[in-house]
Visitor: 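The structure is given below, and queries will be raised subsequently.
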Number of protein chains: 4
Amino acid sequence: MIKAGIIGSTGYAGQELVRLLLQHGDVEIKWYGSRSYIDQKYYDVFHNMFEIVDETCMDDNMEELASQVDVIFTATPQGLCANLVNEDILSKVKIIDLSADFRIKDVNIYEEWYGIKHASPQFIEEAVYGLCEINREMIKGARLIANPGCYPTCSTLSIYPLAKEGLIDMDTLIIDAKSGTSGAGRGAKVANLYCEVNENIKAYGVATHRHTPEIEEQLSYASGKEVKLNFTPHLVPMNRGILVTAYANLTKEVTYEEIKAIYDSYYKEETFVRVLDKDVTPETRWVEGSNYVDVNFKIDPRTNRVIMMGAMDNLVKGAAGQAVQNMNLIFGLPENKGLMQVPMFP
Amino acid sequence: MIKAGIIGSTGYAGQELVRLLLQHGDVEIKWYGSRSYIDQKYYDVFHNMFEIVDETCMDDNMEELASQVDVIFTATPQGLCANLVNEDILSKVKIIDLSADFRIKDVNIYEEWYGIKHASPQFIEEAVYGLCEINREMIKGARLIANPGCYPTCSTLSIYPLAKEGLIDMDTLIIDAKSGTSGAGRGAKVANLYCEVNENIKAYGVATHRHTPEIEEQLSYASGKEVKLNFTPHLVPMNRGILVTAYANLTKEVTYEEIKAIYDSYYKEETFVRVLDKDVTPETRWVEGSNYVDVNFKIDPRTNRVIMMGAMDNLVKGAAGQAVQNMNLIFGLPENKGLMQVPMFP
Amino acid sequence: MIKAGIIGSTGYAGQELVRLLLQHGDVEIKWYGSRSYIDQKYYDVFHNMFEIVDETCMDDNMEELASQVDVIFTATPQGLCANLVNEDILSKVKIIDLSADFRIKDVNIYEEWYGIKHASPQFIEEAVYGLCEINREMIKGARLIANPGCYPTCSTLSIYPLAKEGLIDMDTLIIDAKSGTSGAGRGAKVANLYCEVNENIKAYGVATHRHTPEIEEQLSYASGKEVKLNFTPHLVPMNRGILVTAYANLTKEVTYEEIKAIYDSYYKEETFVRVLDKDVTPETRWVEGSNYVDVNFKIDPRTNRVIMMGAMDNLVKGAAGQAVQNMNLIFGLPENKGLMQVPMFP
Amino acid sequence: MIKAGIIGSTGYAGQELVRLLLQHGDVEIKWYGSRSYIDQKYYDVFHNMFEIVDETCMDDNMEELASQVDVIFTATPQGLCANLVNEDILSKVKIIDLSADFRIKDVNIYEEWYGIKHASPQFIEEAVYGLCEINREMIKGARLIANPGCYPTCSTLSIYPLAKEGLIDMDTLIIDAKSGTSGAGRGAKVANLYCEVNENIKAYGVATHRHTPEIEEQLSYASGKEVKLNFTPHLVPMNRGILVTAYANLTKEVTYEEIKAIYDSYYKEETFVRVLDKDVTPETRWVEGSNYVDVNFKIDPRTNRVIMMGAMDNLVKGAAGQAVQNMNLIFGLPENKGLMQVPMFP
């Protein structure tokens, strides 16, 4: 049994991680960390866990935790993991960080977009960006995983094959994304009240959202060019799900069959990426509660553009599920262990 | 491996049954029945099943099916199962009927409330009402299970202990229930369109809903008296979930602790019934996607009434999950096999 | 032009009052009170008001306000109006209090259920309970109106005719109510976040909700007996709307036509109460954005009970609309002035 | 009083038109057309109209109607208006067609995108595209108005000033739009059931949506160039509202203040277009139930693009409200007559 500790277990992503790990089979959760709910029963915070989890919430003590568990998940606000981690801890335990602290290789870009000083830049180089379908082999040997952001996961997987194959003009790339409200976190803010989100859609972080440089970095690796793109997220009145609609000019004339073959060649062996049939558009309802990313594309010959689309559950493949997938790779388990939930509909 | 066939696999309950059976471990689905979608790929009807189910939909042929499988689930409109079943079929295969055909022992009451002639009343006596927590032993030996209705499951389990113990005046019992919209089925009706259901709540079937005599029959067995009650269902703008709020006069003075002890004595060994802590009210969000029923009660000394409450997922414990629970009992499997999903939130 | 001031204009009810008064025609809003947003533009709090309201929010100064306006609306938490009001103010200005401070005639009951000391009990006797359909004449001469609670408005109007006519046994009365989430206010609480309310229904305040004694008092006046009843509110995932489902034993045998005639006799001259046709159940979607209350009933001969139902918009007839209706009565305007909005659907 | 007839009064747009005309003041509705509900009470189709509209639904007889009314609104599927209209009718009555029949000047493009033969192409030239803010003067003298589509209204108004001023490269224009579900109509289709739309977002009509050529035509007039663009609509789980997020390359370096001044110069005299303050993004909740379009923009200096955004109520400014605005212009009434509803929130 792998012993796991979670720092930040009472946010939406933390709770989803608990849900997945409880059903994993090879993992035992030893530490339900939550600064806000110390000494309270975990099931008092999330009543779905009543008679399932009997533990109480613990403080964020990474040092102590490192001596008790094999893997620490940090599902915390930006900056916390970078503040807590050190060489001693990393020598004892694997860390899978669901925050953005170690996702961006250029510390200046991190500090500029996140507006905070990075507390442990010495570990950035070592950290592996945990997008399993792309970085599988590096993940297996990592001590510190930067679990990708929700938007970057869906965006990168939707666009990657065409970026890598040089079929799209990266200078023309535009990503318009839509997310369910669990992505906004469980903090008590007026903007996230039911009556404010319901019956509404809005863009936010226009031209300034922090996931922009993360997506740009990953697609720069894929395309071999420095990418600058527009990324616009929108808040949708639903609990879970991210949908990405991305646009780019094609660099040459291609047929549906050619692009389909490319997507298939990248993803046909991938359990969690489903390339849909022709003209079937990805929808968030078909992946809810699962680790799947559904992708597809449409060529528009009138404009010579390709529209690339992806849908996934932001809390699973966009957070907790991908963290478990990373854990599986690190510990030599089957990559899909504990992640084969059939999407729940309706 | 148990071989299973589903007649009516493309309704919401049928699809939920598919989802649960796919993850069960001891079951193989051999027949995806659906008169409306014959010869279409099942995943074209429910895209969550893409790359998971490759089968095509088949016609409703119970005779043929009986020779191929060990258990048939009928998730079909009222009357169909009664029309298809016969002694030859029952001698070969177990039938778990998710419709109402065999739930009510008095065929006259069935015919009156459902407005149809019962096609095979000779099997009513034999059929076992599959409310597992109450009729466990009889279920184990049954050939034909009448899988309980969603409202009756939640209502009966919420009220049963106090009815059985004679603590409530059955003549004063009122059940006010609320259901998510998946309970209305997947038929294309204006009344169930998004814009008609969203931002709305209404009562329906007031004093005439067909689940009324089913609840009355079960609570008559419990209390040993003929029960006539008011049952009012409401349609709630959400996908899943049933909440029951039931009211009755207490027959004697009792304390919170006494009633709590009674609920605990009935349910503490039950995996799927959770008696909540004092003053925690059942909420549908905490059971979504799971087979749990959360129950609790509140004494009102001002009026000498007790308010009994229950919450469950109408598609799981209220339909497909309970059907699997029945199957487990019949085939000698652990009762909770394939049903230990942690409720999914949010 | 009537000059109006609003204390508490940045809650949901306060904002709805602004919306209605802006379209009234005979009213000018002179004071947008909001302690939380002093000196901020009102349209920065509610962007629907952009280019419509240019005023900034002001502090809660009732003394100052009394010298500037003809009528003060207080849409504030319990206790505030009672703390601010005094004889001098009442001699200068009409007050319509949307809080509970002056709704309950017995100050002990108020203090017990609300858990606060009443700061100005000397005005309770004088205050008129502003349920216009019942207390119309008294309202016309009042200085201080206790604007009814949302649940009490819908409950009382649904039940009043049968209570008044002695047709129901008041000892058997049970009210099961359901409300949209705007009723929970605009405070930043985890329990009211989108992801907590969406896809959920729950009861709250079971046997302890503060609207209970208010309903009991009004129905005691109607029936001429001291009423103790059960009132259970539920939170529904929608923005607006209250639905009441009430149950009581009939005191004698009556026909549909007889009860229909009674409802009609009470309400046929009432603009804002619509008695629906036979078997049409009230639904919140049909009254949204309007001051209507839709009521209907169903006799259940099996149990000798009548089910009384009502639907209204909690922010209009349940708060701001009724406040305007009271204002119209006080100032001698047509009672429906500014309140004839056709319900908005969908 | 203007006498109005509505053909297609029982769809969502038709019903919204009824709602607006009932509150207009200068209009009397003489004909509630609805082939599906002939001889049924209008309030039986829409119970919000109970005790407000007593008329019954009538067949679609434009000849007969032309002799009874001053203006006919057709809120019907594509092709119907073109089939019914003729010179005799146009000589007697004004027609405001909410369908697409007369929106596109090139009949070949209409027939190609809509897949039907145009039945009366001789009136296309005469028809005036009723986007009031752009074509005000022509509308005043028109006999036949092509009321713009919902997406084209929001898209065109959001982009128009920069297209007209030559500040954006029209070859780079991409429009990503999101709509509430009322835009899908009131037909009984599985895809529009509550459980299918709720908790989901999807793109549809990717690269093939029929509003594409309509938007292209209008922006071609604005820019003086033939425009080909990508337009991708998405279905959002909410009743009302359209949000447009549009992207284009800037043709020269400009500041926020310069672009703001351009938007202001086009719209500061426009009642129904609100140019929001800096960094305030349009949200559909702030325009619900009103005729407003909220627009704003954001320059991204990193990519040299401008993101143009607009939000409106698809049933008001996107359909019925704009139809009333056109009627007001034709009949010489104040353009905002009957359209000054304050947006309803929440």
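Every chain is numbered from 1 and lettered A, B, ... according to where its sequence line falls, protein lines coming before strand lines.
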Visitor: Short question: side chain of Y263(C), backbone of S158(C) - any donor-acceptor pair under 3.5 Å?
Guide: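 Yes, the answer is positive, given that a donor and an acceptor are paired below the 3.5 Å cut-off.
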Visitor: Are any of the side-chain nitrogens in E196(C) or K202(C) under 4.0 Å away from the carboxylate oxygens of its partner?
Guide: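 So E196(C) does not pair with K202(C) through a salt bridge.
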Visitor: What orientation do Y292(D) and F272(D) show, parallel under 30°, tilted 30 to 60°, or perpendicular over 60°?
Guide: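 Ring orientation of Y292(D) relative to F272(D): perpendicular.
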Visitor: Name the region of L20(C), side chain, backbone, both or neither, that has any atom closer than 4.5 Å to a heavy atom of chain D.
Guide: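 For L20(C), neither part sits under 4.5 Å from chain D.
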Visitor: So which of L276(D), L315(D), V287(D), D294(D) has the largest heavy-atom pair count under 4.5 angstrom toward chain C?
Guide: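 That would be L276(D).
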Visitor: Check each atom of Q341(C) against the heavy atoms of chain D and say whether the ones under 4.5 Å are side chain, backbone, both or neither.
Guide: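 Q341(C) touches chain D through backbone and side-chain heavy atoms alike.
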Visitor: So for N198(C), is it side chain, backbone, both, or neither that comes closer than 4.5 Å to the heavy atoms of chain D?
Guide: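 Looking at N198(C), just its side chain touches chain D.
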Visitor: Pair Q322(C), T153(C) - check side chain to side chain donor-acceptor pair (under 3.5 Å), show working.
Guide: CA-CA 9 Å; Q322(C) 187 146 259; T153(C) 296; 3.0 Å; yes
Visitor: Between N48(C) and chain D, with a heavy-atom cut-off of 4.5 Å, which part of the residue counts as in contact: side chain, backbone, both or neither?
Guide: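 Its backbone and side chain both get close to chain D.
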Visitor: Side chain, backbone, both or neither: which part of F345(C) has an atom under 4.5 Å from a heavy atom of chain D?
Guide: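 Both backbone and side chain.
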Visitor: Are Y256(D) and F297(D), when compared by the centres of their aromatic rings, separated by less than 6.0 Å?
Guide: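 Judged by ring-centre distance (under 6.0 Å), Y256(D) and F297(D) do meet the cut-off.
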Visitor: Regarding R136(D) and E270(D), does a basic nitrogen lie under 4.0 Å from an acidic carboxylate oxygen?
Guide: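 Yes, R136(D) and E270(D) are salt-bridged.
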Visitor: Using non-hydrogen atoms and a 4.5 Å limit, figure out which bit of V280(C) sits close to chain D: side chain, backbone, both or neither.
Guide: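 Looking at V280(C), just its side chain touches chain D.
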Visitor: Give the member of E51(D), Q23(D), M344(D) that has the highest number of heavy-atom pairs under 4.5 Å with chain C.
Guide: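 Most pairs with chain C among the choices: M344(D).
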Visitor: Non-hydrogen atoms of chain D under 4.5 Å away: do they reach the side chain of Y43(C), the backbone, both or neither?
Guide: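 Contact with chain D: side chain only.
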Visitor: At a heavy-atom separation under 4.5 Å, does Y12(D) approach chain C through its side chain, its backbone, both, or neither?
Guide: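 Looking at Y12(D), just its side chain touches chain C.
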Visitor: Do side-chain atoms of S290(C) reach the backbone of V342(C) as a donor and acceptor pair under 3.5 angstrom?
Guide: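 Such a contact is absent between S290(C) side chain and V342(C) backbone.
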Visitor: Could you have a look at P346(D), P343(D), S182(D), G180(D) and say which one has the most heavy-atom pairs with chain C under 4.5 angstrom?
Guide: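 Top option by heavy-atom pairs under 4.5 Å: P346(D).
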Visitor: I'd like to know whether R19(C) forms a salt bridge (Lys or Arg N to Asp or Glu O under 4.0 Å) with E16(C), so could you lay out the CA-CA distance, the side-chain angles of the two residues, the decisive distance to 0.1 Å, and finally the verdict.
Guide: CA-CA 5 Å; R19(C) 185 177 77 93; E16(C) 183 71 355; 2.8 Å; yes
Visitor: Given that the side chain runs from C-beta out, which part of R240(D) has a heavy atom under 4.5 Å from chain C: side chain, backbone, both or neither?
Guide: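 Interface part for R240(D): side chain.
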Visitor: Go through the atoms of M49(C) and report whether side chain, backbone, both or neither lie under 4.5 Å from a heavy atom of chain D.
Guide: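 Both backbone and side chain.
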Visitor: Check V69(C) against K3(C) and note the closest heavy-atom contact, atom names and distance.
Guide: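 Result for this residue pair: CB-O, 3.4 Å.
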Visitor: So which of L22(D), D44(D), V275(D) has the biggest tally of heavy-atom pairs under 4.5 Å with chain C?
Guide: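 Of the candidates given, the most pairs with chain C belong to V275(D).
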